[in-house]
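Scope of the values below: all heavy atoms of this structure, side chains included, with no hydrogens, waters or symmetry mates. Chain letters run A, B, ... following the sequence lines, proteins first and then strands; every chain starts at 1.
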Amino acid sequence: MTNSVRVRFAPSPTGYPHVGNIRTALFNWLFARHSGGTFIVRVEDTDVARKVEGAVEAILDGLRWLGLDWDEGPYYQSQRLELYHEAAQRLVSQGDAYYCYCSPQRLEEMRAEQVRRKQPPGYDRRCRDLTEKERAEKEAEGITPVVRFKTPLSGQTRFNDLIWGEVVFENDTIDDFVLLKSDGYPTYHLANVVDDHLMEITHVLRAEEWLSSTPRHRLLYQALGFEPPQFAHLPMILGADRAKLSKRHGAVSITEYREQGYLPEAMVNFLALLGWSLDDKTEILPQPELISSFSLERVSRTAAILNRDKLNWMNGVYIRSLSLEDFTQRALPFLDSGLPAEVKRPLSIDYIRRIMPLIQERARTLAEVAELAQFFFVDQLDYAPGLLIGKGMNQKSASQALETAKQRLEPLEVFDAESLEVVLRPLAEELGLKTGQLFGALRVAVTGRTAAPPLFQTMSVLGRERCLRRIEAALDRLRQGGR
RNA sequence: GGCGCAUUCGUCUAGUGGCUUAGGACACCUCCCUCUCAAGGAGGAGAUCACCGGUUCGAAUCCGGUAUGCGCUACCA
C-alpha cells in the first residue's frame with residue numbers, strides 16, 4: 001500500500017507535555033489507527049537553549065500511559081543535522097536561500113524601530129542581495145551567518161486545510177525567515193519540512209498556532225521540489241480565562257492528571273471530545289469506538305476550554321465501569337500514598353478488597369479513594385461531637401440510642417450487613433426514632449462523618465470489635481460534650 | 001501595527017437554507033428512590049445562535065461590514 005496514511009507527533013522537549021500537545025498526539029494517533037496507517041514520534045530538539053532535561057521521557061511516558069503506541073521513532077532531529085544542512089545548502093545554491101550576516105543586536109534594533117513606527121516587524125532583507133565581494137568581507141570578519149529563505153516578493157500562497165478550508169496568504173507579508181541558525185541547528189520550519197518529506201508524512205495534524213506558518217512551509221516544499229502533505233490544523237485548548245494554557249491554569253501537564261487519579265481511558269475519551277464529536281449525543285466513547293468513528297471532518301474549528309467538572313464526571317463513569325479487581329489494583333498505589341502515615345504498612349489487600357466495593361461507586365478520581373476510605377484505616381476518628389446529635393435529637397436521646405445499639409450489637413455472632421439490619425432497623429422504632437436519626441448517629445460514631453457508604457455494609461467491613469469501640473468512644477464524647 | 005482564523009446555553013458541543021418553539025452532555029435547581037453520600041430515574045432553569053445590514057417565500061446556517069477573542073509576526077517551537 002503506497003498511499004497509506006503516515007502521521008507524526010512532533011513535540012519539542014522544551015517543557016512538560018501539556019494537554020494541548022497530548023490532544024494533538026491523540027488525534028494523530030486516532031487518525032492513524034482509524035485508517036490503518038503509521039504513527040510516528042519525532043522529537044524536535046533543535047532549540048538547544050530551551051531544552052529541558054527529562055522532557056522527552058515525560059512526553060513519552062504520557063503517550064505510553066494513554067496507550068498511544070507509536071510505530072516508528074522516536075526520531076531525534078538533533079541526530080539528523082546533516083540532512084538539514086544539505087537541504088539548506090541546496091536552497092542556497094539554487095538561489096532560494098542566502099547567508100545573512102546581520103547581528104542579533106542589529107535585528108533587535110531594526111525590529112524596535114519598526115514597532116515604534118507601527119510598521120510590520122520583519123527582516124529588512126539587507127543581506128538578500130549581497131555581492132560575492134561583500135560576502136567575502138563579512139566572512140573575513142569571522143561572522144558565522146544564518147541561512148535565510150528568499151521569500152517571493154509577490155504572489156500568493158494558498159493551500160486547502162482539511163479543517164479550515166482554503167487559506168490564502170500574500171507572499172509579501174512573509175519575511176525572509178531563518179532556515180539554519182548560526183549554531184548549526186535548523187529552525188522548526190526547515191527541519192519540519194525536510195523530515196516530513198523524508199519520513200513520507202501524508203497528513204500534518206498540528207495545533208492551530210501553526211496555521212500562519214504553513215505558507216512558509218508550502219513555499220519550502222515548493223523550492224525543495226517536495227510534494228507537500230495535507231494539512232489539518234487542530235483547534236487549541238485554552239484555560240478557563242480563554243488564554244493559552246499555562247501553569248497558572250492548574251493542571252496542564254498530562255502527568256498531573258495521572259497523579260490526581262484520572263484514568264487514562266477517561267482522559268483519552270475526554271480529550272477526544274475536545275475539538276471533535278461523533279454526533280449530538282454520544283459522550284462515552286471507549287478507545288475502540290473512538291478509533292472506528294474518528295474522522296477529520298468532524299473536528300471543530302473553535303478553541304475549547306477544558307471543563308474539569310465534566311472530566312471528573314467522565315472519570316467517575318470509567319471508574320464505575322472497571323471490574324472490582326481492576327479498580328482495586330489501580331486504587332492501591334493511591335491508598336498507599338494517600339492514607340495517613342500512622343496507618344500501618346503494608347496495607348492488607350484482603351481488607352482493602354472488602355472496602356473497595358463501597359468506594360468504587362463513589363470515587364470520581366483514584367486520588368479520592370484514600371480520603372473516602374480513610375475511616376476504615378485510622379484508629380482515632382476526629383469529628384465534632386455535635387454531629388452525633390441529629391435533627392430532632394438531643395444529647396440524651398443520642399446517648400440512649402448509641403448505648404442501646406451497643407448492647408444489641410455486643411451479642412451478635414454474625415456481623416454481616418443483613419444481620420445488622422435485622423437488629424438495628426426495628427431498634428429505631430423501639431426507641432421512637434426515625435431510622436435516619438438512629439442510623440445517622442451510628443454512622444457518625446462509626447465513621448466520623450455524616451456522608452459515608454451504606455451503614456450496615458460499612459459496619460460489617462469494620463467488624464464488631466471496632467464498631468463497638470467506636471460507639472463507646474462516641475458515648476464518651478457525648479458525655480464530655482455535656483459537661 | 002500587519003496577516004490569518006474564529007464567534008450556538010457558564011463549559012464541551014449537535015446543527016451545512018424549511019425536520020428547530022435551536023438538540024445532547026457536564027455543572028446548577030426540584031422531585032422520586034433512600035439510613036447519609038454516591039449512583040439511578042423524572043422534571044426545571046439556562047442560548048434574542050457576538051452585533052448590524054443584505055440575499056431569500058424562509059437564515060444559526062449564504063454574503064458584506066463591525067466588535068471581540070485567539071494565533072502568527074524570534075537565529076522558540
Nearest heavy atoms of A:F439 and A:F456, plus distance in Å: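 The answer is CZ-CZ, 3.5 Å.
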Show me the protein contacts with nucleotides 60-66 of chain B, counting only N or O atoms at under 3.5 Å.
none

Considering only heavy atoms, which members of [range] lie under 4.0 Å from some atom of RNA chain B?
{"range": "residues 12-24 of chain A", "result": "A:S12"}
{"range": "residues 162-169 of chain A", "result": "A:W164, A:V167, A:V168, A:F169"}
{"range": "residues 279-287 of chain A", "result": "A:D279, A:D280, A:K281, A:E283"}

Taking side-chain hydrogen bond (donor to acceptor under 3.5 Å, both in side chains) as the test, write out the residues that go with [X], two or more places apart.
{"X": "A:T435", "result": "none"}
{"X": "A:Q89", "result": "A:Y99"}
{"X": "A:S321", "result": "none"}
{"X": "A:E44", "result": "A:R42, A:Q77, A:N192"}

Salt bridge (Lys or Arg N to Asp or Glu O under 4.0 Å) against A:R425, all qualifying residues, sequence neighbours excluded: A:E421
Per-nucleotide protein contact string for nucleotides 28-40 of chain B, where B marks a base within reach and S marks sugar-phosphate only (heavy atoms under 4.0 Å, - for neither): -------BBBBS-
Where at least one partner belongs to residues 296-323 of chain A, residue pairs that pass ring-ring contact (aromatic ring centres under 6.0 Å, His included), sequence neighbours excluded: none
At a cut-off of 3.5 Å, list every protein nitrogen or oxygen paired with a nitrogen or oxygen from nucleotides 43-46 of chain B, distance to 0.1 Å.
none

